[in-house]
Visitor: 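Pasting in a structure now, in structure tokens, and then I'll have a few things to ask.
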Amino acid sequence: MRRQLKIVSRAAVYLILSLMSFISIFPFLWMIVGATNTTDDIIKGKWTPGSALAANFGRFFETIDVALVLFNSLSIALITTVLSIGICSLAGYGFEVFRSPARERVYRLIILTLAIPFAALLIPLFMIMASAGILNTKFAVILPGIATGFVVFFFRQNTKAFPSELRDAARMDGLKEWQIFLSIYMPVMRSTFAAAFVIVFFTAWNSYLWPLVVLQTNEMKTIVLVVSSQVSAYYPEFGLVMVAAILATVPTLAIFFLMQRQFVEGLTGSIK
Amino acid sequence: MNAFSKFTLGLTVTTAITFAGTFAADAKDITVWCWDPNFNVAIMKEAAARYGKTHPDINVNIVDLNKGDVEQKLQTALASNATDALPDIVLIEDYGAQKYLQSFPGSFEALSDHGVDYSGMAPYKVQLMTLEGKVYGMPFDSGVTGLFYRKDYIEAAGYKPEDMQSLTWDKYIEIGKAVEEKTGHKMLGMDPADGGLIRIIMQSTGKWYFDMDGNPNIAGNEGLKAALTVEQKLLQSGIYKPASGWSDWVSKFTSGDVASVITGVWITGTVKAQKDQAGKWGVAPIPMADAQGATNASNLGGSSWYVLASSPEKNEAADFLNEIYGKDVDFYQQILVNQGAVGSLLAARNGDAYSSADDFFGGDKIWQSFSNWLGQVPAVNYGIFTNEADAAVSAQLPALASGGSVDDAIKAIDEQVKTQIQ
């Protein structure tokens with residue numbers, strides 16, 4: 001009786017989990033299947049694989065300089081990520097390790113910036129970039145994304161789990177503060193760094209509104225902007241949209257699967 | 001490689017670089033923002049190629065975005081007053097034209113100052129870009145409307161193409177009921193949340209949400225009342241197949257599910273893409289509403305080109321638009337054939353493509369028909385709050401569908417619009 005109950009409850013759990021995973025994976029499947037169908041078939045709601053995959057990819061590569069677009073996305077995302085992690089990890093570490101009431105007030109201000117929607121910053125930021133004469137450069141895309149309250153917060157929270165004994169021991173051994181950060185803190189906190197890498201990279205890669213307004217020419221476009229420009233007015237080519245969506249998704253997937261273990265560890269706050 | 005060929009190669013490269021240099025120094029770039037790779041982007045490329053033949057010094061650089069993106073970028077750059085960030089030419093949807101012209105005065109170049117002859121353009125297209133006596137844009141594609149219908153279904157229901165020619169909405173619904181009875185097909189696909197048909201009917205009576213001065217004209221607007229009445233009759237008649245969203249709506253007629261579709265001429269390409277339905281389709285004018293000033297001609301969508309006043313190349317840009325879009329009848333044949341685009345230059349109807357019979361439509365000269373209706377579309381003022389008014393109308397559609405009174409709906413729309421635009 002008890003065993004039967006266990007089987008039933010387990011079956012129910014699996015059923016619910018399967019349903020959930022189907023719901024979350026469905027858009028992805030739909031994207032893949034869509035890329036193999038013609039636009040007409042997609043509009044009719046056909047959800048079996050078709051034979052237009054090569055034609056869709058061919059037409060997409062014909063009209064878009066895919067290598068350049070992916071390079072734009074990748075370079076913007078990577079530079080943003082490296083700079084952002086560098087600055088925000090130092091800030092998060094500093095706020096946690098060197099506490100003072102004055103610094104707490106600054107920290108609270110930084111956290112407050114999380115409440116400002118980007119739409120409110122759009123025009124002032126745009127004016128700054130325009131008057132600095134750096135519109136339509138990668139620099140203008142990267143700059144506002146480097147120092148973000150969320151990543152500072154993320155590092156500070158995780159630093160709470162960094163054992164102060166380690167730091168004290170390192171000090172006694174004569175290490176300077178920057179040496180402690182580089183050779184003790186960074187290796188110990190590597191899953192936090194990995195998680196931050198994934199978070200910032202995804203945000204930068206998927207970023208849409210800001211690159212849209214600062215980048216002006218076709219040559220500067222990122223993959224996300226290309227996806228959006230494929231959605232046209234009267235006769236959307238959904239086959240091409242799906243191809244673009246795949247190209248925009250695959251690199252992020254690859255990075256996520258490569259760093260999945262560290263990412264989960266980093267979010268759950270484990271320390272090696 | 002011997003010395004001679006090295007020398008020749010060197011010489012060729014040097015010459016090439018020198019020429020490239022001189023060429024670049026003289027060339028002027030015109031940057032264009034537009035939004036549909038298969039439609040206005042492709043058309044702009046064709047226009048640039050034509051202009052380039054006589055003006056080799058002009059280089060047209062097209063940035064393709066989507067419509068929302070163009071609006072976002074334009075709005076940001078205009079609001080920031082960052083003129084460097086603006087293109088030379090931008091495509092704006094007609095419903096939004098007055099909003100940009102009035103919200104950013106002085107930002108757009110009045111092309112009536114650049115010698116464009118607007119008398120040969122569809123009058124309603126000129127009206128929507130006119131502000132204080134000046135005409136600002138270059139009219140581009142038209143959304144002149146038509147009733148596309150399946151001849152086979154209509155005939156099975158006992159009607160002939162001649163019966164479709166000057167319909168009233170009541171007659172249309174009557175035919176719809178007969179079609180369903182005889183063939184089992186519904187008459188049209190309809191998204192019950194979309195107010196497109198209301199806009200079509202309202203403009204066919206020469207009315208809009210706003211009067212010619214841009215003031216709200218909702219309570220007491222006979223055209224709007226007629227449109228809402230028709231919408232309610234359609235929603236309650238059961239002759240439509242419900243569709244949710246654009247793609248679903250398209251699939252209703254491409255799959256052969258429904259017998260007709262009433263929309264802008266730009267849908268022709270989608271209808272014709274169904275090769276297996278060749279010969280089965282016909283085109284008729286839209287049914288006439290029961291209101292004063294009603295016609296069989298209307299419009300849905302459409303867009304036009306605008307030159308930014310801050311552009312250093314505004315004279316070249318204006319000349320480019322005027323030479324190609326303002327005069328080149330041959331160009332209009334090309335874009336009709338290749339992109340299915342019906343432009344706003346009335347003289348284009350005299351060209352080959354416009355005069356030819358279309359086998360897909362059983363040999364009918366459908367482009368002559370559309371061209372006739374194009375000249376008859378009543379001119380209205382789209383004002384600056386069309387989107388807000390649309391939202392207010394959409395909010396009342398469920399009430400209409402469930403039998404609420406049209407007068408109550410108008411009252412509610414009127415209140416919502418007035419509160420929103422204050």
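Each chain gets a letter, A, B and so on, in the order the sequences are listed, and its residues count up from 1.
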Visitor: Just checking Phe71(A): does its CZ atom have more than 12 heavy atoms from other residues, nucleotides or ligands closer to it than 6.0 angstrom?
Guide: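 No, because the 6.0 Å sphere around CZ of Phe71(A) holds 12 heavy atoms or fewer from other groups.
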
Visitor: Kindly indicate whether the side chain of Ser229(A), heavy atoms from C-beta on, has any atom under 4.5 Å from the side chain of Trp35(B).
Guide: no

Visitor: Given the options Thr217(A), Val213(A), Leu212(A), which has more heavy-atom pairs under 4.5 Å with chain B than any of the others?
Guide: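 Between Thr217(A), Val213(A), Leu212(A), the count favours Leu212(A).
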
Visitor: Is there a donor-acceptor pair closer than 3.5 Å between any side-chain N or O of Lys73(B) and the backbone N or O of Leu215(A)?
Guide: yes

Visitor: Quick one: what part of Ile123(A) sits under 4.5 Å from any heavy atom of chain B, side chain, backbone, both or neither?
Guide: both

Visitor: Do you know the tightest heavy-atom contact between Gln216(A) and Ala85(B)?
Guide: OE1-O, 3.2 Å

Visitor: Could you grab the distance from atom CG of Leu125(A) to atom OG of Ser80(B), nearest 0.5 Å is fine?
Guide: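 One finds 10.0 Å between CG of Leu125(A) and OG of Ser80(B).
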
Visitor: What are the two closest heavy atoms between Phe126(A) and Ala77(B), and how far apart are they?
Guide: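 Residues Phe126(A) and Ala77(B), closest heavy atoms: CE2-CA, 3.8 Å.
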
Visitor: Using only heavy-atom distances, determine whether the side chains of Asn66(B) and Ser228(A) contain a donor-acceptor pair under 3.5 Å.
Guide: yes

Visitor: Report yes if some heavy atom in the side chain of Glu237(A) is under 4.5 Å from a heavy atom in the side chain of Asn38(B); otherwise report no.
Guide: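 They are in side-chain contact.
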
Visitor: Does Lys46(A) have more than 12 heavy atoms from other residues, nucleotides or ligands lying within 6.0 Å of its NZ?
Guide: yes

Visitor: For Phe139(A), I'd like to know if atom CZ has over 12 heavy atoms of other residues, nucleotides or ligands within 6.0 Å.
Guide: no

Visitor: To the closest 0.5 Å, what do you measure between CG (Asp69(B)) and CG (Leu225(A))?
Guide: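 Spacing of CG (Asp69(B)) from CG (Leu225(A)) equals 7.0 Å.
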
Visitor: Could you tell me which non-hydrogen atom of Lys221(A) sits nearest to which non-hydrogen atom of Leu65(B), and how far apart they are?
Guide: CE-CD2, 4.3 Å

Visitor: Atom CH2 of residue position Trp47(A) - does it have more than 12 heavy atoms of other residues, nucleotides or ligands inside 6.0 Å?
Guide: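 Count not over threshold, so no.
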
Visitor: Using a 4.5 Å cut-off on heavy atoms from C-beta on, say whether the side chain of Gln72(B) contacts that of Leu122(A).
Guide: yes

Visitor: Can you tell which part of Leu74(B) gets under 4.5 Å to a heavy atom of chain A, answering side chain, backbone, both or neither?
Guide: neither

Visitor: Rounded at 0.5 Å granularity, tell me how far CH2 in Trp210(A) sits from OG1 in Thr76(B).
Guide: 9.0 Å

Visitor: Which answer fits Ile42(A), side chain, backbone, both or neither, if we ask what part of it has an atom under 4.5 Å from a heavy atom of chain B?
Guide: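 Contact with chain B is absent: no heavy atom of Ile42(A) under 4.5 Å.
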
Visitor: Between Asp248(B), Asp84(B), Val63(B), who has the most heavy-atom pairs with chain A when the cutoff is under 4.5 Å?
Guide: Val63(B)

Visitor: Would you mind telling me which of Thr31(B), Asn81(B), Asp64(B) has the largest number of heavy-atom pairs within less than 4.5 Å of chain A?
Guide: Asp64(B)

